[in-house]
Amino acid sequence: MENKKIITKRKTFIIDTSVLLYDKCAIHSFPDNDTIIPLIVLEELDRFKDKKGVVGENARYVNRYLDDLRKRGNLHNGIEIENKQKVKVAINGFEKVPIGLDPASVDNQIISLAMKLDGSLNSKVILITKDINFRVKCDSLGITAEDYHKDRIIKNESEFYKGYVSVEIEDSDIINKLYEDGNSDTSIGVVEVVEEKIGRNLYNNEFVSIKCGSQSFLGCYFNNSINRISNSEDLPGLGFLGIKEKNREQLFALNLLFDEDVPLVSITGLAGSGKTFLTLMAGLAGLNEERYKRIVITRNVQPVGKDIGFLPGDINEKMLPWMSPITDNFRQGLKDKDLTYFKTMRDKGQIEIAPLSFMRGRTFSDTFFIVDEAQNATIHELKTIVTRIGENSKIVLLGDIDQIDTPYIDSLSNGLTIVGEKFKNEIIAGHVQLKKGERSYLSAVAAKIL
């Protein structure tokens, strides 16, 4: 009788380069299991160690950590670290690449290693990679491959936090009392009614739309009460720009953007929903009211389609093509056709364009900080930015999670989604999802059907 292979509970995880570059702490993230780093992955990490930004930092961290481990044992034989996890560097097993695959490809050599280990070990072998095509190839060959799920908080898009809820009630007197009383026992009673209807507790700074027939009330939950939100004309400094919301979600966003007690705001929405425009106008109003001394704008410079290659000039000149959405809004909101006002503000230091990869070591105080296209940043890149924010500053993260151009992240694992989910009950943060496209009817229809 043939001996049956006994599989232990302890698993063997093979870690791809994409995972270690995405999260330096991935090397610690498999407790009670064996972690294998192929030697060719170390070779790839070496090519990234001099890069600026989070990617270079992650490559250097992994290299230093493995070097420190050498003091405790032999990496080829494996070294046990915290949480009973064992780290090992595989130096062979890369030569039997399946027929039809390029033997020179690093991914295919790792596939060879996975197939060898799967046939020789008594533990389940799982390859962890952020590369979608890599996972597809593994599945085709019968190799178990998974994404790196440590940062993924929600399972599907239906669970996205919108930042607001809508409820209908039967008693119109409640709405009348909310308008009359503000923060009263009436508001506390309404909280119980709203929470019972939505089946959960409200989050701090979550907006509430309460309807009863033709009557409605727009409020924001905070500290066990629902407070009436401000109309756009009552927001300090917005009047001089002549800006007014086009829907209730935009009004929710404006209330967050002008709330000095909420230093972290995230706004998601489809193309043309007004994310960048409203945020920039709020920043300009803050400058005009002297609540802030400058506006700093950054974004992940991930191109759509083919890269345009090397750009000449200084940092400001290199970043200008990526800042077109900002300058377009200057033209629209301030009728600044020749960008005279924009250039003057830049010359005075009131507007700064800061590349995402140059954030390390900086502190931004008295600043209205805008991160555009934040859906193209990982949570680790956004952490680098958010932790740079100093006193009397506000940071606003903007993006459309349906338009992600960065490899290895998706609508569930991008930094913007994760920030919105992790901060959704913090008193210092607020989130709004804009539903409607307001750029034009064509833009709104195209965003839905294309």
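For this chain, numbers begin at 1 and follow the sequence in order.
- Across Lys124, Arg10, Lys9, Lys86, a single residue satisfies salt bridge (charged side-chain N to carboxylate O under 4.0 Å, His left out) together with Asp34, and that is Arg10.
- Side-chain contact of Asp347 with Thr344: a donor-acceptor pair under 3.5 Å is absent, judged by distance alone.
- Under the 3.5 Å distance criterion, with hydrogens and angles disregarded, no donor-acceptor pair is assigned to the side chains of Lys424 and Asn205.
- For Arg200, the CZ atom is densely surrounded, since the number of other residues' heavy atoms within 6.0 Å is greater than 12.
- Crowding of Glu43 atom CD: a count of heavy atoms from other residues, nucleotides or ligands under 6.0 Å not exceeding 12.
- Contact between Asn204 and Glu426 at its shortest, heavy atoms only, is CB-O, 4.1 Å.
- When all heavy atoms of Lys24 and Ile27 are compared, the closest pair comes out as O-CG2, 3.6 Å.
- When each of Val89, Leu39, Ile91 is paired with His76, the side chain to side chain contact (heavy atoms under 4.5 Å, CB included) condition holds for Ile91 and for no other.
- Other residues, nucleotides and ligands contribute at most 12 non-hydrogen atoms within 6.0 Å of the NZ atom of Lys51.
- Within a 6.0 Å sphere centred on CD of Glu196, other residues, nucleotides and ligands contribute 12 heavy atoms or fewer.
- A side chain to side chain contact (heavy atoms under 4.5 Å, CB included) with Leu45 is found for exactly one of Asn58, Leu20, Ile37, namely Leu20.
- The two atoms that bring Glu82 and His28 nearest to each other are OE2-ND1, 2.7 Å, heavy atoms only.
- Checking Ser365 against Ser393 by side-chain atom types alone, no donor-acceptor pair falls below 3.5 Å.
- Residues Lys155 and Leu412 approach most closely at O-CD1, 3.3 Å, considering heavy atoms.
- Side-chain contact of Thr129 with Asp131: a donor-acceptor pair under 3.5 Å is absent, judged by distance alone.
- The nearest pair of heavy atoms linking Ile353 to Phe342 is CD1-CZ, 4.3 Å.
- Residues Asn156 and Ser158 bring a donor and an acceptor atom of their side chains to less than 3.5 Å of each other.
- Smallest separation of non-hydrogen atoms from Ser112 and Phe94: OG-C, 3.4 Å.
- For the pair Lys130 and Tyr148, the cation does not sit on the ring face, since its NZ or CZ is not both under 6.0 Å from the ring centre and inside 45° of the axis.
- No hydrogens or angles considered: a donor-acceptor pair under 3.5 Å links the side chains of Asn392 and Asp366.
- Under 3.5 Å, the side chains of Ser166 and Arg248 contain a donor-acceptor pair of N or O atoms.
- Side-chain contact between Arg291 and Phe258 is present, with heavy atoms from C-beta onward closer than 4.5 Å.
- Looking at heavy atoms from C-beta onward, Thr35 lies out of side-chain contact with Ile14 at the 4.5 angstrom threshold.
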